[in-house]
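Worksheet: the structure to be examined is printed underneath.
Computed from a prediction, not measured in an experiment: that's the story for all the values here.
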Amino acid sequence: MNGRRAHRFKELNLLPVWRQKSNHSERDAQSQEESSSVLYSAEDNQSIEESDQAAWLRLKQAVTDCFRCQLSETRTHTVFGVGDENADWLFIGEGPGAKEDETGEPFVGQAGKLLDQMLAAIRLKRGDNVYITNIVKCRPPGNRNPSLNEARQCEPYLISQIELIKPKLIVALGKVAAQNLLKCDDSISSLRGKVHYFSNIPLIVTYHPAYLLRSLPEKAKAWKDLCFANATMQSLK
């Protein structure tokens, strides 16, 4: 984590709690020491789970209370994210639309229905080993793309989500999500079909479901992206 990012986390009181992993070489000791180590590990795991739950609660409340950019002035609800908080798959879109702003949940309109169909096509479903969120947590007025500053103000929240979820694979839905995550201005056509990385996590780019609703012929390309993502996931296991 670079100094600038750490400073933002400190401002938001969202710095992750780093935990020291157990030293497996110590398990070569006597059986009594091994039993003690197992007992300690179980207690430590419980502590880790409780710590993660507390971190999720703090993060969700921080997003709810956020007024860091102008999007907070026009929102109805913040849209934090939804799904399995220990998911292997993390899908990231650009920002909430009208339906999402109304309900507080991402991808609930027609684009959300299409996303659910896309997930089903590779035997996934919302909430089951899948987490869904956006680059920004408030709706940009008129469903415009979020500005660079708006995305930067929301970035610590997204990074905290990623650090808590620890996904095996990230799927960027659309150009805005891909460009913000990869810090580039490349076209989506040049980013598709490759494995990129975000903080050492493999990342694959495909079209946003809302774009596919407007450009039906591109669904075939999105299907190829999903197959590529699925094959990539299988290679990680």
Do the side chain of His196 and the main chain of Val205 share a donor and acceptor less than 3.5 angstrom apart?
-> no

Judged by atom type as modelled, is there a donor-acceptor pair below 3.5 Å linking the side chain of Asn129 to the main-chain atoms of Asp88?
-> yes

Going by an N to O cut-off under 4.0 Å, is there a salt bridge joining Arg192 and Glu218?
-> no

Heavy atoms of Ile201 and Pro167 approach each other most closely as CG2-O, 3.6 Å

Rounded to the nearest 0.5 angstrom, the CD-SG distance for Gln61 and Cys66 is 11.5 Å

Pairwise salt bridge (Lys or Arg N to Asp or Glu O under 4.0 Å) hits with a residue in residues 92-113, at least two apart | Glu105-Arg126

Give a yes or no on whether Arg144 atom CZ has more than 12 heavy-atom contacts from other residues, nucleotides or ligands under 6.0 Å away.
-> yes

Less than 4.5 Å apart, any side-chain heavy atom of Leu119 and any of Trp89?
-> no

CZ/Arg75 to CZ/Phe67 distance, rounded to the nearest 0.5 angstrom?
-> 4.5 Å

Once you round to the nearest 0.5 Å, how far does CG of Leu216 lie from OH of Tyr211?
-> 10.5 Å

Cluster link Val79 to Val130, ILVMFWY, side chain under 4.5 Å | no

Test item: Phe198 and Lys183 side chains (from C-beta on) under 4.5 Å apart, heavy atoms | no

Is the closest side-chain heavy-atom distance between Leu173 and Thr206 below 4.5 Å?
-> yes

One should read off an interatomic distance between Ile165 CD1 and Gln161 CD, to the nearest 0.5 angstrom, of 5.5 Å

Donor-acceptor contact below 3.5 Å, side chain Asn180 vs main chain Val176 = yes

Lys137 and Leu158 have their tightest heavy-atom pair at NZ-CD1, 4.1 Å

Distance-minimising heavy-atom pair for Ile204 and Ala229 | CD1-CA, 3.4 Å

Considering all heavy atoms of both residues, which atom of Leu71 and which atom of Pro140 are nearest to each other, and what is their separation?
-> CD2-CA, 3.6 Å

Would you say Gln179's side chain and Asp186's backbone share a donor-acceptor pair under 3.5 angstrom?
-> yes

Value rounded to 0.5 Å, distance of CG in Leu212 from CG in Leu114 | 5.5 Å

Report yes if some heavy atom in the side chain of Ile135 is under 4.5 Å from a heavy atom in the side chain of Leu181; otherwise report no.
-> yes

Work out which heavy atom in Ala62 is nearest to a heavy atom in Tyr157; give both atom names and the distance.
-> O-OH, 3.7 Å

Taking the side chain from Asn134 and the backbone from Val136, do they hold a donor-acceptor pair closer than 3.5 Å?
-> no

Do Ile170 and Tyr131 have side-chain heavy atoms sitting under 4.5 Å apart?
-> no

Scan side-chain atoms only and decide if Lys194 and Ser190 contain a donor-acceptor pair under the 3.5 Å cut-off.
-> no

Verify whether one side chain among Lys219 and Gln117 offers a donor that lies under 3.5 Å from an acceptor in the other.
-> no

Glu85 bridged to Lys60 by N-O distance under 4.0 Å = yes

Indicate if Val108 and Leu115 have the same hydrophobic cluster label, given that clusters are the connected sets of ILVMFWY residues with side-chain heavy-atom separations under 4.5 angstrom.
-> no

Measure the CG-CG distance between Asp52 and Leu59 for me, rounded to the nearest 0.5 Å.
-> 11.5 Å

Determine whether Pro106 and Val82 make a side-chain contact, defined as any pair of heavy atoms from C-beta on separated by less than 4.5 Å.
-> yes

Nearest heavy-atom approach of Pro96 to Arg139 is O-CG, 3.3 Å

